[in-house]
2 protein chains.
Amino acid sequence: MDAQSPETNPSPWMPFESRRRARDEKREAVLRTAVRLFLEQGYHRVTLNDVAERLNITKPALYNYFRSKDEILFECWALGQEIVDEFIAAIDKGGGNALAKLRKLIQAYAEQMTTDSGASLVRFDARDLTAENQKIVRAAKKRIDRTFRKYLADGVADGSIKPCDPKLTAFAIAGSLNWIGHWYQRDGAWSAEAVASRFAAQLTEGLAKAPASKRGPATPKKSRPAKGGRK
Amino acid sequence: MDAQSPETNPSPWMPFESRRRARDEKREAVLRTAVRLFLEQGYHRVTLNDVAERLNITKPALYNYFRSKDEILFECWALGQEIVDEFIAAIDKGGGNALAKLRKLIQAYAEQMTTDSGASLVRFDARDLTAENQKIVRAAKKRIDRTFRKYLADGVADGSIKPCDPKLTAFAIAGSLNWIGHWYQRDGAWSAEAVASRFAAQLTEGLAKAPASKRGPATPKKSRPAKGGRK
DNA sequence: CCCGTATATTACCCATGGGTAAGAAAAAGT
DNA sequence: ACTTTTTCTTACCCATGGGTAATATACGGG
């Protein structure tokens with residue numbers, strides 16, 4: 001993930017300097033700044049002046065890139081959702097039985113929750129969007145939910161997961177994962193990958209039918225040299 | 001806008017009728033209405049006029065009972081927190097080993113999440129409150145978190161729970177439970193108690209050291225472990 | 001160097017909604 | 001009754017902040 005130095009502005013608008021970056025880069029810079037501010041202070045407490053100020057521009061300049069505040073919010077959300085859709089597609093195409101796919105999904109989703117764009121998926125309020133965009137958000141949430149339920153149901157069917165109610169279990173897992181977006185902070189004791197792998201292990205070990213010996217033994221931290229993040 | 005919800009018109013201010021209820025009842029009625037509206041539409045989209053209108057009064061009348069909008073929000077939150085504090089105290093005083101207490105806590109907390117006052121604990125944004133009230137909220141959240149972690153740590157210590165990281169596991173459990181406040185709706189297929197007991201079972205069965213038979217905990221020893229881990 | 005286009009700024013509009021002032025209308029006290 | 005206190009209403013204030021208009025500045029091509 002892009003190194004965004006603390007507190008500094010990665011703004012393409014340097015006060016008195018080359019202001020000639022490509023339009024898309026500026027658009028993205030707006031979104032990165034907006035996401036950060038929305039998460040820090042909450043959408044309703046952040047004004048467009050705040051966003052603009054942090055970018056060394058003025059509010060009306062934002063309207064060259066976006067039509068409204070809620071469109072900015074939506075695009076922020078979309079950035080995060082895009083990533084989720086991508087890894088869902090990748091996992092779905094990949095191999096493994098249902099339980100293995102579920103583990104991958106949990107791992108990827110948990111990691112996503114530790115990022116700004118991931119946290120925005122659960123910490124933004126869809127009701128701040130237009131009716132049309134709310135529909136899009138609802139559809140996306142439904143896609144995620146369906147994926148979790150499908151893996152659970154498939155796992156029960158193929159015997160890799162012990163009988164459970166897919167709907168309720170999906171809610172339980174999603175809740176655990178979404179919550180990461182509320183408490184995780186980069187400067188904490190746990191790396192994103194560490195949190196994700198612990199969650200993947202812990203959330204599935206109660207579900208696996210046979211003693212989960214695929215990769216991580218029941219004892220968590222011995223065999224996995226998962227110290228610093230690879231990648 | 002729409003007509004009053006047919007079943008729910010607990011307003012002591014009937015249009016042209018007895019307006020003589022006790023002050024505290026009216027205060028509570030304001031809070032019940034406010035909680036409902038805040039949950040339905042979100043704090044920032046609800047105006048005090050909206051709240052007043054649903055109570056058949058006008059906005060300034062609210063200021064006889066509250067000093068500000070954010071005080072109303074805080075009192076709404078406090079109603080829900082009070083209940084949590086009560087059952088935490090009850091469970092803590094009650095019997096059972098750490099695992100049993102954890103189950104009780106999960107059950108009670110899950111049920112609370114299916115109520116308006118419970119959902120408000122996780123769906124309200126503390127940043128809408130004054131700095132002092134934010135401190136109170138943070139302290140309360142910390143109390144809950146400490147309770148979960150304590151039961152987990154005690155359980156690991158007394159052998160009723162298999163080794164795990166109490167902090168991370170507490171987050172996982174709390175996340176599942178808090179999420180209930182986001183998806184549960186009373187008119188769904190599941191009763192609050194049913195959801196709660198399923199969660200209590202499912203979230204702990206992966207933790208229990210011995211295969212948990214339906215009711216009888218594996219080892220109902222007299223274990224009353226040291227309680228003062230830290231304070 | 002000039003002109004068209006993209007981009008940014010200054011200055012403004014105005015709906016919204018929290019909050020208040022002043023006084024009417026009930027309750028309660030005497 | 002009539003006075004006092006509490007409760008509620010009408011009418012208003014005004015800071016906030018999303019959004020716009022008019023205009024200025026930079027940029028790229030001829």
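Just so it is clear, the model here is predicted, and its values are computed rather than measured. Just the heavy atoms: all of them, side chains too, but no hydrogens, waters or symmetry mates, feed the values below. We name chains A, B, ... by the order of the sequence lines, and we start the count at 1 in each one.
- With sequence neighbours left out, A:F87 forms a ring-ring contact (aromatic ring centres under 6.0 Å, His included) with no residue at all.
- Taking a cutoff of 4.0 Å between a charged side-chain nitrogen and a carboxylate oxygen, A:D165 and B:R198 do not qualify as a salt bridge.
- Taking atom CG of residue A:N64 and atom P of nucleotide D:dA21, one finds them 14 Å apart after rounding to whole Å.
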N/O to N/O distances under 3.5 Å, protein versus nucleotides 17-23 of chain C:
residue	atom	partner	partner atom	Å
C:dG18	OP1	B:K69	NZ	2.9
C:dG18	OP2	B:L48	N	2.9
C:dG18	N7	B:K59	NZ	2.8
C:dG19	OP2	B:Y63	OH	3.1
C:dG19	OP2	B:K69	N	2.9
C:dG19	O5'	B:Y63	OH	3.4
C:dG19	N7	B:K59	NZ	3.0
C:dG19	O6	B:K59	NZ	2.7

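- Taking the ring-ring contact (aromatic ring centres under 6.0 Å, His included) definition, one finds that B:F171 meets it with A:W183, sequence neighbours left out.
- With sequence neighbours excluded, the residues that form a side chain to side chain donor-acceptor pair (under 3.5 Å) with B:D125 are A:R45, B:R127.
- At whole-Å resolution of the value, CZ in A:R27 and P in C:dT7 are 12 Å apart.
- In this model, the phosphate group of C:dT9 is approached by a side-chain N or O of A:T58 to a distance below 4.0 Å at OP1 or OP2.
- The CG-P distance, from A:N56 to C:dT9, rounds to 9 Å in whole Å.
- Contact check, B:R23 against D:dT7: a side-chain N or O comes under 4.0 Å of OP1 or OP2.
- Evaluation of the ring-ring contact (aromatic ring centres under 6.0 Å, His included) rule for B:F74 yields B:W77 as partners, not counting sequence neighbours.
- Rounded to whole angstrom, the span from the CD atom of A:E53 across to the C1' atom of C:dT9 amounts to 15 Å.
- Take B:Y43 and apply the ring-ring contact (aromatic ring centres under 6.0 Å, His included) test, not counting sequence neighbours, and it matches B:F38.
- Listed pair A:K26 / C:dA6 fails the phosphate criterion, with no side-chain N or O lying under 4.0 Å from OP1 or OP2.
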